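A quick write-up on the structure given underneath.
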Amino acid sequence: MRNIDNQKMTRREVMFRGAQVAAGAALARPVSMLAAATSAPPLIGIQIGAVSFVDEGVNKVLDILQEKGAVNTLFISSFTYDAGTGGRQVKGRPLPDHGKQEYDNFHGGNFATPHARFYSDTVLNDTKAPDHGDLDIFEMVLPEARKRGMKVYAWDYNIFRTDIPHVDEIEEVDIFGNKASTCCALNPDYQHFIVDLIRDHCTSYPIDGVMWGAEQQGPLDNVINSNINPHPGTCFCKFHRKEAAARGIDVQRALEGYRRLAAFTKQAGANQRPVDGYFVEFWRIMVEFPEILAWEKLWNDGKYGTFKDIYKTAKSVRADLQVGFHIWHTASFSPFFRAEQDFAMFTENADYLKPVLYNNCAGPRYASYIDRMGDSIFHDLKPDQLEKMNDAFLNYEGMGLDLKSLPKSGLPAEYVFRETKRSLDSVRGKCKIYPGIDIDIPTALDDKQTSPDDVYGATLAALKAGAEGVILSRKYSEMKLENLAGAGRAVKTYKA
Ligand SMILES: [Zn+2]
């Protein structure tokens, strides 16, 4: 099992190193490298799944990406069980004006070749995606991308199907002792698998980098920000219990605290006001059970440990491999989750971060967040009041947001600009920022849809705010070509 105390020491060492840099005594990275990085042409990345190359042909797809989107870097969805990042299109949403005109039955897995010798220390040794037979997506795309001078990154995503062999052995355990459908970051079989996967991708193929994404949050965030009441906060498996005990956290008290919190949010969802009100009751539970926050940190440290393992593994294969992380959209809505995404700390194990700044689907997603929190710890507030308070927490004031129209309006390009700036201010040149740009990410049919000008505005806002690049998301097979062209137009405007 990963030794979390060692991580802390490493962090202190790095902080000390940071102090030395400030004092001019030593430089973790030469200033000249940072200066060169800022003057380099922007990375224009796009997320893309194997299905697009199979549907349309490698060279045709690359022509379109270069001509319309000014794309110079592919983030190939190489390991994913999520139809959202690896499938063609969500059923019921319009198929775009390219690719096969039918919905797919996505299975997912590893779209490259899982080389058996890398997976000898994990039960998860059967992950080859069956979707396209023996197809190896890197062998298919890398040679053609190279000829054009395009870079290729592996884009690996932390969602597992519940029906793949042995997945039950790495699943999290909730506060009621039930298995959850998420993976436990302290489980050795999971830890080994992630390291094996990254080592396999980085060793077996001449890729330029990797991006890892895990859209998961800790038990506190899950219990208070949930449309399932009570949410089964995780993880209380034997590995988490053991690490908790090593930290001096009382497991039973933590469980009792979380069960109280879950019962309270259920009550709040049913409009049963506690005598002292919703927020006061919430905070009373937090003070009574400080183990709740201790467990939240324990969980976050596990997730961050995965980041660290990935960075260390890729760099041990080739020091010039670029390693970065997809930061879940929830950081744009929840001040609680945002507080736990410490970009300054992430720079210790990242060459770049991709904060998800999908401004179109952010409209319905933000409204939905406000709705859930209004049924939970902030039930004392009216929805409009809650939205205004949250806007202030997140620096969204003065952008003209209105809760009622949010689902149909989306968020303005100004949101992309401000969040890019915030990200850059947090990392202070220690890693690059490539905001994720929304192109046709599915929303309900009567909610905000993407237009070419939306993409143009968001892309230009990110670049003007100082981002070293953008990543067009969430995948090519969902994008209308005229919307993709909005990104290309923004890049031209920016360079002019
Ligand atoms: Zn666990």
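Each ligand, and each atom within it, is numbered from 1 in the order the structure gives. Keep in mind that the numbers below use all heavy atoms, side chains included, and drop hydrogens, waters and symmetry copies. All figures in this text were calculated on a predicted structure; none of them were measured in a lab.
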Practice problem: Only one of Tyr369, Phe337, Tyr366, Tyr358 passes ring-ring contact (aromatic ring centres under 6.0 Å, His included) with His329; say which it is. | Solution: Tyr358

Quiz prompt | Between Trp299 and Glu243, a side-chain donor and acceptor under 3.5 Å | solution = no

Quiz item: Between Gln89 and Lys475, is any side-chain donor less than 3.5 angstrom from a side-chain acceptor?
Solution: no

Quiz item: Phe79 pairs by ring-ring contact (aromatic ring centres under 6.0 Å, His included) with which of Phe138, Phe160, Trp212?
Solution: Phe160

Practice problem: For Tyr434, enumerate each residue passing the ring pair (Phe, Tyr, Trp, His ring centres under 6.0 Å) test, keeping only those at least two apart in sequence or located in another chain. | Solution: Tyr352

Exercise. Enter the distance from Ile224:CD1 to Ser334:OG here, rounded to the nearest 0.5 Å.
Key: 6.5 Å

Quiz item: With a cut-off of 2.8 Å, how many protein N, O or S atoms neighbour the Zn ion (ligand 1)?
Solution: 4

